[in-house]
Amino acid sequence: MRKHARARRVRLTLSYLDDATLLDVRDDGVGFDPEAPDGNGSGGGFGLAGMRERLAAHGGTLTVEATPGQGTTVAAALPRSRADAGQGR
C-alpha cells in the first residue's frame, strides 16, 4: 500500500473470531476511486480483483473503502474451518 498510496502510516489489525479471521489494513495515503475501472491505475501490484478472487475461492470477502485524498481501508474476511475453530487458532 505504501508504494501506491504514498502513505506515511499504515495500520494492520488481525482479529481471530470464532467463525472467521479478519485482516484490516488502513493507510493515510492519497486514496483512490474504487469504482474506477482500473482502480488508481498505478499497476505493479496483485490487484484488488485478484485478492477478491483468491479470498472468494476460500469463502472469504474483500471490502475496500477509499476516497481520493483521504486514505484507504482494505478489509479481508476469511471463514475459519471447523477444524481450525476447535484448535483455538
Side-chain angles (χ1 to χ4, degrees):
M1 290 179 91
R2 176 175 242 174
K3 175 184 172 184
H4 299 297
R6 297 189 298 273
R8 291 181 299 149
R9 295 183 197 171
V10 177
R11 181 178 186 183
L12 303 172
T13 305
L14 181 62
S15 304
Y16 295 98
L17 306 178
D18 288 339
D19 60 347
T21 300
L22 310 175
L23 175 64
D24 293 334
V25 182
R26 177 177 295 191
D27 73 41
D28 65 352
V30 298
F32 68 100
D33 179 359
E35 301 300 319
D38 293 325
N40 64 359
S42 61
F46 292 104
L48 295 173
M51 288 189 274
R52 277 193 182 97
E53 288 174 11
R54 287 188 290 281
L55 281 162
H58 298 282
T61 60
L62 185 78
T63 305
V64 178
E65 295 178 7
T67 303
Q70 297 185 11
T72 301
T73 299
V74 177
L78 190 62
R80 296 182 65 191
S81 70
R82 291 182 193 154
D84 287 343
Q87 295 176 11
R89 291 187 205 182

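Just so it is clear, the values below take in all heavy atoms, side chains as well, and ignore hydrogens, waters and symmetry mates.
The two residues G31 and T72 have their closest heavy-atom pair at CA-OG1, 3.6 Å. The two residues R9 and D28 come nearest to each other via the heavy atoms N-OD1, 2.9 Å. Heavy atoms only, all atoms of each residue included: L48 and L62 are closest at O-CD2, 3.8 Å.
Here the straight-line distance linking atom OG1 of T73 with atom CG of D27 works out to 7.5 Å at 0.5 Å rounding.
Across T61, T63, V64, a single residue satisfies side-chain contact (heavy atoms from CB on, under 4.5 Å) together with R52, and that is V64.
In terms of the side-chain contact (heavy atoms from CB on, under 4.5 Å) criterion, residue partners of A20 (sequence neighbours excluded) are, by chain and number, L22. Under the side-chain contact (heavy atoms from CB on, under 4.5 Å) criterion, R11 pairs with T13, sequence neighbours left out.
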